[in-house]
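Report on the structure given below.
Atoms considered below: every heavy atom in the structure, side chains included; atoms not considered: hydrogens, waters and symmetry mates. Sequence positions, counted from 1, serve as the residue numbers for this chain.
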Amino acid sequence: MKPALSRHTPATIPASWQQFAQGKALAQQLEAQFNLWWPRIFGYHLLKVGNLSSALDTSACSIKHQIRLATAPELATLIADPDDLPLIEHAVDAVLLAHCLEYAQDPHHVIREAHRVLMPDGYLLISGFNPISACGLLKLWPGLQSRLPWSGRFFSMARVTDWLHLLGFEILYEQRLFCTSMLADKHSRSGLRQWADQHLHYFGAAYVMVARKRTLPLTPIKPKWQLTNNFNPAVKGISARHQG
């Protein structure tokens with residue numbers, strides 16, 4: 001298994017969904033998945049990390065103050081890097097990482113930064129490209145490694161789960177979707193494609209994960225033993241006077 005930390009930045013980093021073949025259709029399916037969770041998430045601040053996260057429609061979220069952290073000025077309310085968030089600890093109630101890990105030099109550190117700024121019991125929503133899919137296998141084709149989405153590194157859902165568990169996240173939801181190779185410019189909605197989305201979603205090009213930050217309270221442990229002093233000079237003094 002290759003290490004998560006890379007010395008090189010990806011050759012091509014997406015600035016919008018339109019840079020992907022079928023990117024608009026992928027964004028719509030991701031929005032539909034996240035819309036299942038937005039009504040359940042409450043708080044004051046939602047942080048959308050990256051250009052792709054910032055471009056997703058999150059109007060179904062009950063959190064009204066939404067911070068778009070991106071490198072594209074037309075999308076951003078805050079310009080910064082995903083692995084160096086300019087926020088204090090426990091500052092936001094939810095973080096969205098839509099296809100952000102694939103194009104980061106240290107994706108594990110991106111998750112650590114999200115964990116740092118999340119409130120206790122805050123939500124982390126992630127989407128990524130599935131390496132166990134037709135789209136993922138095409139990454140082995142040399143001519144595609146400089147094109148999107150294959151210019152990024154694809155991490156399996158199991159590996160991202162390990163990173164989340166290491167930081168104490170609880171996985172609430174997992175779903176694979178979007179059965180396509182992402183080579184064609186248009187995403188057809190034929191009967192065969194709909195059947196594949198329903199029955200072969202394990203091999204979908206993308207996946208969605210929802211996790212919650214859990215913090216264990218520090219409970220002091222009381223000692224089971226205690227030193228006692230059986231010497232009682234007052235009682236012994238009284239006994240001595242009675243004997244006299």
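- Cluster membership for Leu52 and Trp38, using ILVMFWY side-chain heavy atoms within less than 4.5 angstrom, is shared.
- A side-chain N or O of Thr71 and one of Asn51 form a donor-acceptor pair less than 3.5 Å apart.
- Under the 4.0 Å criterion applied to side-chain N and carboxylate O atoms, Asp121 and Arg214 are assigned as salt-bridge partners.
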Query raised in the report: Would Thr180 and Gln22 satisfy side chain to side chain donor-acceptor pair (under 3.5 Å), going step by step from the backbone distance to the final call?
Result: CA-CA 9 Å; Thr180 177; Gln22 307 174 29; 3.0 Å; yes

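- Among the candidates Leu46, Leu47, Val95, the single residue satisfying the side-chain contact (heavy atoms from CB on, under 4.5 Å) test with Ile67 is Leu47.
- Although no hydrogens or angles enter the test, the distance criterion places a donor-acceptor pair under 3.5 Å between the side chain of Asp57 and the main chain of Ser59.
- Side chain of Ser62 to main chain of Pro39: no donor-acceptor pair is present (N/O by atom type, distance under 3.5 Å, no hydrogens or angles).
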**Report entry** Test log, rule side chain to side chain contact (heavy atoms under 4.5 Å, CB included), inputs Ile88 and Arg116
**Finding:** CA-CA 8 Å; Ile88 62 173; Arg116 180 183 66 81; 5.6 Å; no

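- Residues Leu78 and Arg68 have side chains not in contact (no heavy-atom distance under 4.5 Å, counting atoms from C-beta outward).
- Residues Asp93 and Ile63 meet the side-chain proximity criterion, which asks for heavy atoms closer than 4.5 Å.
- Checked against a 6.0 Å centroid threshold, the rings of His115 and Trp163 do not count as neighbours.
- In terms of heavy atoms, Leu85 sits closest to Ala114 at CD1-N, 4.2 Å.
- Side chains of His65 and Tyr44 form no contact here, defined as non-hydrogen atoms less than 4.5 Å apart.
- Judged by distance alone, the side chains of Thr58 and Gln66 do bring a donor and an acceptor atom under 3.5 Å apart.
- Residues Glu113 and Pro82 share a closest heavy-atom pair of CB-O, 4.1 Å.
- Residues Phe129 and Leu183 are members of one and the same hydrophobic cluster, defined by side-chain heavy-atom contacts under 4.5 angstrom among Ile, Leu, Val, Met, Phe, Trp and Tyr.
- Residues Leu118 and Val92 have side chains in contact (heavy-atom distance under 4.5 Å, counting atoms from C-beta outward).
- Using the six-membered ring where Trp is involved, Tyr103 and Phe20 have ring planes that are tilted, between 30° and 60° apart.
- The closest side-chain heavy-atom distance from Cys135 to Pro149 is below 4.5 Å.
- When atom types are taken as modelled, the side chain of Gln33 and the backbone of Gln29 share no donor-acceptor pair closer than 3.5 angstrom.
- You'll find the side chain of Leu124 stays beyond 4.5 Å of the side chain of Val210, heavy atoms only.
- Hydrophobic cluster membership differs between Leu75 and Ile13, with clusters built from Ile, Leu, Val, Met, Phe, Trp and Tyr side chains linked at under 4.5 angstrom.
- Listed for the Lys139 side chain is a donor-acceptor partner under 3.5 Å among the backbone atoms of Gly152.
- Ser151 is listed as a side-chain neighbour of Leu148, based on a closest heavy-atom distance under 4.5 Å.
- Note on ring orientation: taking the six-membered ring where Trp is involved, the planes of Tyr173 and Trp37 are tilted (angle from 30° to 60°).
- Nearest heavy atoms, Met182 versus Trp150: O-CH2, 3.5 Å.
- A donor-acceptor pair under 3.5 Å is formed between the side chain of Arg153 and the backbone N or O of Ala104.
- Although no hydrogens or angles enter the test, the distance criterion places no donor-acceptor pair under 3.5 Å between the side chain of Arg147 and the main chain of Gly143.
- For the residue pair Tyr123/Arg212, the side-chain donor-acceptor check at 3.5 Å is satisfied.
- Looking at heavy atoms from C-beta onward, Met209 lies in side-chain contact with Leu164 at the 4.5 angstrom threshold.
- Among Phe154, Phe155, Trp17, the single residue meeting the ring pair (Phe, Tyr, Trp, His ring centres under 6.0 Å) criterion with His99 is Trp17.
- Here the closest non-hydrogen pair linking Ala98 and Ser53 is N-OG, 2.7 Å.
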Report task. Decide side chain to side chain donor-acceptor pair (under 3.5 Å) for Ser156 and Asn130; before the verdict, give the C-alpha distance in whole Å, the side-chain angles of both, and the deciding distance to 0.1 Å. Result -> CA-CA 6 Å; Ser156 68; Asn130 181 14; over 6 Å; no

